[in-house]
Amino acid sequence: MNSASSFESSNSSQDSSQESATLGTIPYSTINTMNLRALLFDPSTMNREEPFLKVIEEPVEKFRFRYKSEMMGTHGSILARSHERNRRKTYPSVQLCNYDRPAIVRCSLYTAHPHEKQRTPHTHRLIVRAENNMDKDDPHEVIVSQDNNYIAVFHGMGIIHTAKKNIVEELIKKKRSRLLEKLRVKNVKLTSLNTVQESKLRQDAEDESRKMNLNSVSLCFEAFYRDANNCLQQICDPVFSKPINNMKSALTGELKICRIDKHVSTCMGGEEVFILVEKVGKKNIKIKFFEVNEDDQEIWCDYGKFSELDVHHQYAIVFRTPPYRDLDIEKPVDVFLQLYRPTDGDCSEPIKFQYKPSEKMGRTRKRPRVSNENLHSSENINFLNVTNGTTNGMMEIGSDVKNGNDNLLGEHTSLSELLNEENGLDSSEFREFMNNLSISEYMSTFDHDLAFDGEKSPLPKDAVTEIRIKEENDPPEVKEEILGDYELLQKALKQINMVLQEKLSSDVTAKKIENIFNMRNTEGETALHAGVMCGEKDAMKLMLQVLEKGGQKHLINTQNFRNETPLHLAVLHKQPQFVQMLLAKGADPNFTNSDGNTAIHLTIKCCHNECLTELLDKNNYVHNEHKPKCNEKNYEGQTPLHVAAVKRNLFAVKSLVKSGANVNEADSTLGRHVLMVAVEQSDKDIVEYLVKETNVDVNLENYAGDTSLHYACVVNGGNAEICQLLIDAKADPMKANHEQRSRAMELPLAKPLEVTVKEEIESEDEFQLHIDDDDEDDEDDEDDEEENGLSKGCTSMDLAKDNQEILNILKQADQYMASTLQNESLDEVQIKDECPSPSEHSTVVDNGLFDEQTLTKLCSVLDASNSWTNLADLLDYTFLVPSIRAAISPSKLLFNYADLHGNVTVQHIRNFLEALDEKEAVEAIDLMLARQVANTGGDQ
DNA sequence: GAGTCCTTCCC
DNA sequence: CGGGAAGGACT
């Protein structure tokens, strides 16, 4: 394509008559635009063309630029791209076409600017190693002729990375020799440049050096012949190779995920994932999740959720997974995850990631969930059958029930009797409870269902697989230990019944009961867990009573292998009545499961507000020595409030706050408090509730020094509504985080090659602006720094600088703060020694420039006359003008800016206004100064 | 003064 | 060759 473009450009300057001449015998009129291109590339027409250069072998895309100091020894040379495909070494080559005499083809190093017209010699050196171990600089020349088919091959070239300090000198050297050569064509004797030319050269070199991309170069090929004066005459336009990029540069560097802390997420998304990455720019990186079909076509994609505040330096990103496209998947789905750089579209190698079905919280297996309504559904009874595994088991239960003598719990009367024995389980309360308990009814239902449905009914799939897996995996001798939920429950009830029948002494009974509640299934669960799982309300009542009366209340908190207590399971299965029942019998709500979650955490994770209400209801704790703790952190470091905010559950947030949860508690992973989490979730309602109805501290910062406002400015591109809420709650937009400001990080990492000239210029301006900002910061002296901690880091204002809407909101706070600052510390007006103003009474900006009266006056005058724009110019705040123009009072914003950001004195402003001939304004300031002198004098 | 970037050095 | 890192320079 290079040859094509140069070819076309060489033609494009010619008018049509020449063009038809160029095309030889073909009459111009017969050539339409469609076949013009084809004609030009037709070999038969080509040899009638003007000479041109054609790149035959492009150089490799990436090559290591070495510093001079690295150049001892050999380091390989620039090969051609084709070398990557075939094994033989090939080198960048060009062919001179349409030329029939020997010629010189030259290769030198140029910038890789996207527009060829703007390419200039590059400051790096293109060298070829010579015999004496000396390096010869470009240009490199090769003679072409018929002998080599007019092909120039450039081998053995390397690129020396010119050190920063030498860039300008190196450029001047190159430009000088080129200019001399050019001038010699007209004036053979010329040996040096005049002063004007030299200084122009230096100026150009300095300009170019500033914007030169040091990590991308291009080879420039030119063709010459020697004229009678031995001067080089150009044969045709130069052509350029495709860019060669510096392999070692961090800026064009490879995107890479080095490590990830988890590679599975539920399909609901929202899970926090940490990745370590090779250097990225926080403003120029995305995390892409995508799925491909069998044909490797992308069928779904979404992006990890994070803000620039979640990019740790340039090497780690903490993000939340996006939800998968289908939230009801039954099986895990494999997807991929990769880094994506928007500016150049570059991607890292994808790594595997898996979405798993959204599970019943805390459960890895699916179990049939039983609610009271379908308590005795045939499905569940069938499950029981299967659990028993054998007909034998079925028979056992069936016979138990039919045979009234050695029964489970037998019938009502015998049960009542049993309970009346002097076993320590006797009490009127318990008797009453048992009288209300229809065990026989409960059992007969069992009987009925068993007899009725028997083994005929289809079994629930999950139950079957679950059991089979167990049986296959477990050795036969422990088979009898494998108990399903129902089986376990049955066994426990049976044994309880037996114990109660046996009329033993109370301590033996206690021992036996303890044994019963130490029976575990394969999940490490007791009959209590099983009772919850099965939704057996009556059985639960019985068991809890037995435990209580037997004095083994602690067993109510027995944990399964995931450290879940029956209470955990009650909330996981969204059974508020069990929660209440368990709490009433003394269950401890503060046990944590293996993820460190209390029942409160879990119920919020499950979004079950009824259970939460029960957990937090004081009435449930009347006889319970354990009170719920609302500020406990799980192993993710979250308090229940954090979870509630993540789940965007306003009800839970409110309930927790009312129950004494601390709204200012930080999580232990990032130091986020609830407000910040709510902001991260863009949950306006929770934010509003927190700022308006709780004692939340809006200016709390996380470990990184970010406040909620920082987040509000950047999450999802910034949320104006939430910013407004925070600002109204007195959030401080000038509070800086702990980030170090580094210019390099603010520059786009890699510029797309397609970038237009205009864009380049614009970004240059932006760069300039940053420098200005920084300079201001540098001049904002240490006093400022110590007083406000403002000097370093990034403020919300900084983060919002690309979002006009939010910027305007933050500016309101500026106004507010300016006025409070003033009211609070008007009498502490500082006088600065180093202040350049001759006036002793120049006030320092951070105490407010003007009193209210004066400010109002100034604003009305300057807004009316529009002189505020001129003042902005004089104060060097020209860049502010467009953003504050639309404000009700631009002057006020200007003064606020000057007050908080600049080191402008009242005297400066006064003098500028005088220069602008704003007499009324000057007068107002003078009046104010006079008042201040009077006040100060009075005080002393 | 720490965090980055640049350059040199080394294997 | 290509990767890594030390150490100085630069914000």
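All values derive from a computational prediction rather than experimental measurement. Below, read A as the first sequence line, B as the second, and so on, with proteins coming before strands; counting in each chain starts at 1.
Taken to the nearest 0.5 Å, the OG atom of A:Ser199 stands 9.5 Å off from the CG atom of A:Asp204.
Rounded to whole Å, atom P of B:dC6 lies 4 Å from atom NZ of A:Lys164. Taking atom OH on A:Tyr67 and atom P on C:dG4, their separation rounds to 17 Å, with Å as the unit. One interatomic measurement links the two molecules: NZ of A:Lys165 to C1' of C:dC10, which rounds to 13 Å at whole-angstrom precision. What separates CG of A:Asn213 from P of B:dC6 is a distance of 12 Å, to the nearest Å. For the pair A:Lys68 NZ and B:dT7 C1', the interatomic distance rounds to 13 Å; values are reported in whole Å. If you measure from atom CG of A:Asn246 to atom C1' of B:dC5, you get 14 Å, rounded to the nearest angstrom. For the pair A:Asn215 CG and B:dT7 P, the interatomic distance rounds to 11 Å; values are reported in whole Å. Between A:Arg66 atom CZ and B:dC11 atom C1' the separation is 12 Å, expressed in whole Å.
Around atom NZ of A:Lys288, more than 12 heavy atoms belonging to other residues, nucleotides or ligands sit under 6.0 Å away.
Look at A:Asp137 and A:Lys174 and you find no salt bridge, because none of the NZ, NE, NH1 or NH2 atoms lies under 4.0 Å from a carboxylate O.
Annotation for A:Cys107 and A:Phe154: closest pair CB-CE2, 3.4 Å, computed over non-hydrogen atoms.
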